[in-house]
Amino acid sequence: MRSSTESVAFDTKAREKAADTFGMWVFIGSEAMLFGAILLVFLIARISYGTAFAAASQRLSLPLGTLNTAVLLTSSFAMVLAHTFTASRRWRPAVWALICTSLLGIVFLFVKAVEYGREFKEGLAPVLGAPFSFTGPDPTHAEFFFALYFAMTSLHALHLICGVAVIAGMLLLWPGTTEASRTHRVQAIGLYWHFVDIVWVFLFPVLYLINR
Amino acid sequence: MSFGIPFTPPEASSIAGSVDMLFYTLLAFTAALGIFLASLVVFYAIKYRAGSKAERTGERARSLPLEVAWTVASLLIAFVIFGWGAALFLRREHPPLDALEIAGLGKQWMWEFRHPGGQREINELHVPVGKTVIVSLASQDVIHSFFVPAFRVKQDAVPGRTTHVWFIADEPGRYHLFCAQYCGTQHSEMGGWVTAMPPEDYAAWLGNQGKGDTLAADGEKLFRALGCSGCHEKSSKVRAPDLAGIFGRPVALENQQTVVADERYLRDSILEPKKEIAAGYDPVMPSFDGIVDEGEMQMLLAYLKSLSPRAATRNEATQ
Amino acid sequence: MSHIRKLIVAYLGLLALLALTVGSSFLDLGGLNSALNLAIAAAKAAIIATLFMHLTSEGILPRLAVAATGLWLAVLFGLTLIGQ
Amino acid sequence: MSTEALRPSSYLGEGAGPAAWLLTTDHKRVAWLYLMSLTAFFFLGGAFAVLMRVELATPAGDLVSDDTYNRLFSLHGIIMVWFFLVPSIPATLGNFLLPLMIGARDLAFPRLNLASWYVFILGSAFALASVLAGGVDTGWTFYTPLSTLYANGFVSMAALGVFIVGFSTIMTGINFIVTIHTLRAPGLTWFRLPIFVWTMYATALVMVLATPVLAASLILIVLERVFGIGIFNPALGGDPLLFQHLFWFYSHPAVYIMILPGMGVVSEVLPCFSRRPLFGYKAVALSSMAIAVFGFLVWGHHMFVSGQSAYAGVLFSFLSFCVAIPSAIKVFNWSLTLRKGEITFETPMLYALFFLALFTFGGLAGLFLAALAIDVHVHDTYFVVAHFHYIMVGGMVTAYMAGLHFWWPKLTGRMYSETWGRIAATVTFLGFNLTFFPQFVLGFIGMPRRYHTYPPEFQFWHVLSSAGAVVLAFGYLMPLFYLGWSMFRGPRAPANPWGATGLEWQTASPPPPHNFDTMPSVSRPAYDYAMKGLQHETFSPHKDEA
Ligand code: HEA
Ligand code: HEA
Ligand code: CUA
Ligand SMILES: [Cu+2]
């Protein structure tokens with residue numbers, strides 16, 4: 001009777017799935033509070049030092065940022081395809097969609113790394129004692145902007161790294177898993193992935209698009 | 001009667017009595033409610049102990065009228081206490097006119113005070129009895145807190161902004177001055193004494209102190225030394241606002257807004273001139289962040305305030 | 001496969017919104033720029049949540065979680081800004 | 001636990017050896033893992049407290065140096081709050097009882113539950129490492145810029161430890177919320193749930209929504225210290241008060257994490273030993289939710305004199321008074337529960353009554369603090385220290401002891417010594433008041449907190465407090481011994497030694513691995529104690545469903 005469920009706690013598959021989904025959403029709510037708190041810090045600084053932040057924001061690379069947003073949106077699309085395919089038990093396309101998702105995640109991280117590299121070279125990274133040289137009107141608060149930029153984007157990148165790692169792990173274990181557990185996992189990791197995408201959807205305009 | 005054991009702090013300021021009044025009222029309420037609840041519980045515990053012959057039949061274990069009654073009663077009592085506390089608290093916002101303003105600077109781990117006449121003291125504060133004293137507080141490093149239990153006043157000194165606390169000492173004496181906000185290794189040693197003395201004695205005491213310049217005069221020297229006067233003097237080639245009478249005056253800003261030039265505005269104008277640009281001027285003033293330390297800031301502020309003699313006394317304490 | 005078609009439309013919509021934000025940021029709308037950017041971000045989030053994450057089709061509980069989070073974020077932002 | 005062979009049908013006898021325990025996903029065993037770790041942390045934190053009290057017996061700083069003293073109270077606070085009190089009841093009794101009380105085989109995510117313990121241990125490793133390396137000197141509040149730019153202790157390590165432990169809290173919270181929503185037995189509607197379950201739900205809500213904000217503020221501290229990303233640095237335009245907002249946005253609700261479960265325990269114990277239904281069940285249930293929700297609106301009351309705007313202060317004060325009302329409702333309902341009961345005074349009942357007294361008193365002291373003008377005077381003095389120890393130690397720890405004794409037979413299948421239990425409860429109560437009552441006086445006469453040395457006129461009260469701490473130490477050491485003894489030698493406990501209602505008492509003591517031999521269903525309200533005049537069988541197992 002319990003064979004179709006993963007956990008001893010449940011009698012039926014349907015109940016377990018509902019519980020899993022709900023659990024994932026509660027977790028996402030919790031993560032949203034994490035990013036929300038940091039966004040609040042940003043918002044307050046932005047209100048106080050608007051001009052400095054606008055000037056500093058100009059120094060970020062808009063093309064790379066836009067590219068990355070598109071990459072991440074595409075990865076989300078691939079993820080939802082993976083989910084759709086698993087739901088209709090089309091395993092092969094599902095695996096390909098998952099591979100795409102994680103590759104796009106890696107592309108995002110790579111582009112982000114390129115951006116970081118650029119910012120370090122231009123002396124825009126007030127991190128690890130690296131020299132900071134900003135030639136705008138208000139370097140102190142521009143530095144503050146970059147501090148927040150690095151804090152926020154690195155936290156987001158960390159989440160993405162976790163996502164990529166989990167997908168990779170899932171793909172490695174793929175052949176040995178039951179069909180039921182596959183749908184199960186794709187669904188859970190999918191929710192997480194989309195959430196990380198949503199976070200970026202907010203970070204992008206907030207950081208890159210201050211009065212171009 | 002108390003064998004040298006303290007039960008209450010001295011009441012040595014104009015507000016101490018009214019704060020204590022609230023405190024003791026609340027204490028009486030707590031005691032009354034505590035005794036009532038304790039007797040109730042003990043009474044039930046005895047009456048309804050297992051094996052007693054008390055009557056136990058009837059009644060379900062709920063009662064809407066009772067729930068409503070105690071909820072409403074608690075709410076009403078709570079609102080009364082809230083209102084009373086808030087009314088007393090808001091007096092902090094409105095110090096009486098004609099105050100003596102002393103600059104207090106907290107740093108790890110001492111309090112440094114400068115009287116308007118320039119007299120400087122460390123971990124000691126002399127104040128006249130019967131006169132409003134405003135201490136404007138700044139911090140050089142971490143958060144400290146100015147605390148004089150006998151006056152029932154406390155205010156944090158926060159790096160990067162100026163805060164205020166005011167009191168009127170009404171009983172001559174020596175009272176503890178503490179730093180109440182944990183600030184590192186010697187937090188418990190950061191403090192000393194506040195000496196409240198009759199105004200004549202205070203004047204005499206001031207006279208006996210080293211003949212330092214006034215705070216404002218020091219500020220004026222700085223104003224020249226730092227090159228402020230180079231721009232802000234009337235004869236200057238740079239077009240910069242005339243700072244005479246600036247303090248307390250509304251200032252029109254470039255972005256159509258108007259702000260009152262309070263201490264926060266002056267401080268920001270010096271440290272972050274780009275933040276609020278006065279209307280009609282170019283944003284050419286350099287930032288003095290990192291050049292002016294907190295002590296110097298207090299001198300500059302004293303000088304700028306001294307340029308508007310009427311406003312300087314009508315001080316808005318705290319923000 | 002109308003389901004997949006719906007997803008494709010959603011995806012293209014997301015990209016269009018992206019173009020819209022980037023484009024609008026080159027116009028000088030004063031304070032409206034930020035508001036518009038945030039509104040577009042919210043729209044994108046809504047698309048992802050409803051169509052990719054099936055927020056509205058998995059029973060009441062997920063919506064409950066999202067509503068609670070929204071409320072709490074509002075408290076965090078609201079009361080902190082008052083305190084400033 | 002026991003060396004003797006247990007009935008194989010019990011969860012304790014299911015498999016022995018470290019691996020069977022360390023890799024278990026049985027919520028009952030995970031509860032034990034937590035219980036062991038938390039007990040260790042409690043005594044560690046207690047040892048720091050005792051050292052502090054000894055130091056404070058004299059005005060001069062003669063026992064330890066100032067830096068050491070600062071580390072003592074910082075570690076005491078950090079350990080007691082995050083490594084003991086926040087997880088205390090939820091992770092031990094909650095873990096053990098939640099599935100039993102709602103008639104489930106386990107929590108919704110058994111593996112997540114075990115993982116949360118490992119995350120807890122990982123966090124502890126960081127915290128202990130920072131203790132061994134030399135400690136932290138920021139206070140448990142980590143205020144910036146002291147913690148970011150000036151403190152010279154091992155701040156990042158400790159902050160990381162707290163950060164990681166936060167995740168174990170969040171995992172527990174998610175697990176509880178989902179479990180309560182999805183795994184209630186047939187017929188167990190929301191208003192038939194025991195109050196303990198309600199309080200677990202309210203607690204979990206706070207855990208899930210508040211803890212991430214703490215995590216965010218700790219990340220920012222660590223980024224600043226380790227990577228030099230200065231976000232609270234005033235020199236960059238960072239605002240030290242903003243850190244306080246974030247910290248208290250978490251920490252005020254967190255104090256309700258640290259009291260709601262205690263309220264839940266007491267709501268079980270009082271009816272049981274009064275043989276009466278809980279008075280005003282619905283009011284008590286809903287007030288738990290009210291505390292959890294409104295608890296998020298009052299954090300600014302820790303910042304009345306910090307320089308936040310006076311009007312924000314007034315608003316926060318007003319809301320603080322509002323949040324006191326649900327607690328008031330509970331206190332009155334608990335008191336009336338005794339009415340017309342048939343009261344007996346076993347150890348759990350004694351603890352519960354002591355809880356009632358101490359919590360009420362501590363809560364009323366909270367009203368003093370919420371009243372603005374008084375807080376200006378007593379903020380950051382021992383008055384505050386007394387307030388929160390009355391609630392956290394007098395309230396929550398006492399409730400924890402009540403719960404531990406109440407469910408001990410269920411946890412171990414053994415009875416403890418009733419005599420010793422009553423002695424320990426009484427000693428704790430007396431020692432507690434001797435320790436912390438003098439601190440109210442100290443605070444009122446102006447003794448600031450976190451002081452290594454103090455003016456000599458305060459000494460009298462400090463000596464009383466230090467003496468009390470010794471008594472208190474005995475009060476807490478006693479249970480360690482008699483409970484430990486009972487674990488192996490105590491007489492066997494029946495399934496329902498107290499004659500209590502609640503599903504957890506319908507299964508064997510200790511319960512079988514999957515909790516119930518036949519899955520229960522429910523058709524009666526909670527606290528269905530037989531009242532005189534109404535004769536019915538109260539707690540017969542409902543064996544209807546297959
Ligand atoms: C479990 C922990 C816990 C709990 C439950 C509470 C509960 C409350 N706390 Fe406390 N508090 C702390 C832990 C806790 N606190 C800690 C740790 C600190 C210090 C942190 C630090 O700085 O290190 C602190 C500090 C603190 C402060 C800041 C003090 C300062 O630093 O200056 C304030 C101020 O308002 C406050 C208020 C309250 C109030 C109003 C309640 C209320 O919820 C209490 C409600 C209960 C009752 C009111 C009693 C029962 C009611 C009746 C018997 C009926 C009569 C009631 C009415 C008429 C309303 N607390
Ligand atoms: C959350 C729970 C909690 C608990 C349970 C306690 C328990 C105790 N606390 Fe604590 N306390 C806090 C939370 C808690 N505290 C917090 C958050 C702070 C603020 C920190 C800060 O300012 O940052 C604080 C601060 C604090 C101070 C103020 C320090 C200062 O401001 O300078 C004092 C002083 O008396 C104190 C005392 C005590 C005592 C005597 C106990 C007693 O109840 C302890 C009882 C336990 C024992 C006595 C253990 C018995 C066992 C032994 C003695 C065995 C010893 C073993 C060996 C030596 C191997 N605590
Ligand atoms: Cu300065 Cu404490
Ligand atoms: Cu609080």
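Chain identifiers are assigned alphabetically (A, B, ...) following the order of the sequence lines, protein sequences preceding nucleic acid strands; residue numbering begins at 1 within each chain.
Put simply, NZ on K47(B) and CG on L338(D) are 12.5 Å apart, with the number rounded to the nearest 0.5 Å. Of the inter-residue distances, the one linking S274(D) atom OG with R49(B) atom CZ reads 14.5 Å to the nearest 0.5 angstrom. Here the OG-CZ distance, from S335(D) to F43(B), works out to 13.5 Å after rounding to the nearest 0.5 Å. To the nearest 0.5 angstrom, L33(B) atom CG is 10.5 Å from F361(D) atom CZ. Separation of atoms OG1 (T185(B)) and CZ (R71(D)) is listed at 8.0 Å; rounding is to 0.5 Å. Considering CG of L66(B) and CG of N333(D), their distance stands at 9.0 Å, rounded to 0.5 Å.
Looking at W461(D), only its side chain comes within 4.5 Å of chain B, counting heavy atoms on both sides. Heavy atoms of F79(B) lying under 4.5 Å from chain D belong exclusively to its side chain. In this structure, the portions of S63(B) lying under 4.5 Å from any heavy atom of chain D include both its backbone and its side chain. L149(D) does not touch chain B: none of its heavy atoms, backbone or side chain, sits under 4.5 Å away. For T141(D), no part sits under 4.5 Å from any heavy atom of chain B, backbone or side chain. Heavy atoms of L40(B) lying under 4.5 Å from chain D belong exclusively to its side chain. Contacts of Y311(D) with chain B are made by side-chain atoms alone, with heavy-atom separations under 4.5 Å and no backbone atom involved. Interface remark: F232(D) contributes no atoms to any contact with chain B (heavy atom separation under 4.5 Å). Looking at L27(B), the atoms closer than 4.5 Å to chain D (heavy atoms on both sides) sit in the backbone and in the side chain alike. Heavy-atom distances place no part of M21(B) under 4.5 Å from chain D, backbone and side chain included. Contacts of Q108(B) with chain D are made by side-chain atoms alone, with heavy-atom separations under 4.5 Å and no backbone atom involved. For L37(B), the part sitting under 4.5 Å from any heavy atom of chain D is the side chain, from C-beta outward, and nothing else. V314(D) touches chain B through backbone and side chain together, each having a heavy atom under 4.5 Å away. Looking at A370(D), there are no atoms closer than 4.5 Å to chain B (heavy atoms on both sides), in backbone or side chain. Of the atoms belonging to Y150(D), it is side-chain heavy atoms, and not backbone ones, that fall under 4.5 Å from chain B. In this structure, chain B has no heavy atom under 4.5 Å from any part of Y69(D). Of the two parts of L356(D), only the side chain, counted from C-beta on, holds a non-hydrogen atom closer than 4.5 Å to a non-hydrogen atom of chain B. Within the 4.5 angstrom heavy-atom criterion, atoms from both the backbone and the side chain of A45(B) approach chain D. Only the side chain of I325(D) has a heavy atom closer than 4.5 Å to any heavy atom of chain B. In this structure, chain D has heavy atoms under 4.5 Å from both the backbone and the side chain of F23(B). At a 4.5 Å heavy-atom cutoff, the contact between D141(B) and chain D is made by backbone and side-chain atoms alike. Only the side chain of T360(D) comes within less than 4.5 Å of a heavy atom in chain B; its backbone stays farther off. With a 4.5 Å cut-off on non-hydrogen atoms, V158(B) touches chain D through its side chain but not through its backbone.
Interface check for chain D: of the options P159(B), P10(B), A38(B), the most heavy-atom pairs under 4.5 Å are formed by P159(B). Ranking G191(B), G160(B), A86(B) against chain D, the residue ahead of the rest is A86(B), based on heavy-atom pairs under 4.5 Å.
Heavy atoms of other residues, nucleotides or ligands lying less than 6.0 angstrom from OH of Y265(B) number more than 12. Atom CZ of F36(B) is surrounded by 12 or fewer heavy atoms from other residues, nucleotides or ligands within 6.0 Å.
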Could you give me the CA-CA distance, side-chain angles and deciding distance for V376(D) and R152(B), then say whether side-chain contact (heavy atoms from CB on, under 4.5 Å) is met?
CA-CA 7 Å; V376(D) 170; R152(B) 312 288 187 277; over 6 Å; no

Does V142(B) form a side-chain contact (heavy atoms from CB on, under 4.5 Å) with Y143(D)? I'd like the steps, not just the answer.
CA-CA 9 Å; V142(B) 302; Y143(D) 272 18; over 6 Å; no

Test side-chain contact (heavy atoms from CB on, under 4.5 Å) on S74(B) and F332(D); report intermediate values, then the result.
CA-CA 11 Å; S74(B) 305; F332(D) 294 127; 3.7 Å; yes

For S317(D) and F89(B), run side-chain contact (heavy atoms from CB on, under 4.5 Å): C-alpha distance rounded to whole Å, both residues' side-chain angles, the deciding distance at 0.1 Å, then the answer.
CA-CA 11 Å; S317(D) 162; F89(B) 178 75; over 6 Å; no

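Using modelled atom types, no side-chain atom of K340(D) and backbone atom of Y48(B) make a donor-acceptor pair closer than 3.5 Å. For E342(D) (side chain) and A50(B) (main-chain N/O), no donor-acceptor pair under 3.5 Å exists by modelled atom type.
Partner F321(D) forms a side chain to side chain contact (heavy atoms under 4.5 Å, CB included) with one of I81(B), V80(B), I77(B) and no other, that one being I81(B). Each of D66(D), N70(D), T453(D) was evaluated against S188(B); a single residue qualifies, T453(D), per the side chain to side chain donor-acceptor pair (under 3.5 Å) test.
Between F178(B) and Y451(D), the two ring planes are perpendicular [angle over 60°; tilted spans 30° to 60°].
Note on D239(D) versus R161(B): salt bridge recorded, some NZ/NE/NH1/NH2 to OD/OE distance being below 4.0 Å.
For H176(B) and E457(D), the side-chain atoms include at least one donor-acceptor pair closer than 3.5 Å.
What you find for I143(B) and P145(D) is that their closest heavy atoms are CG1-CD, 4.2 Å.
The distance between the ring centers of F7(B) and F444(D) does not fall below 6.0 angstrom.
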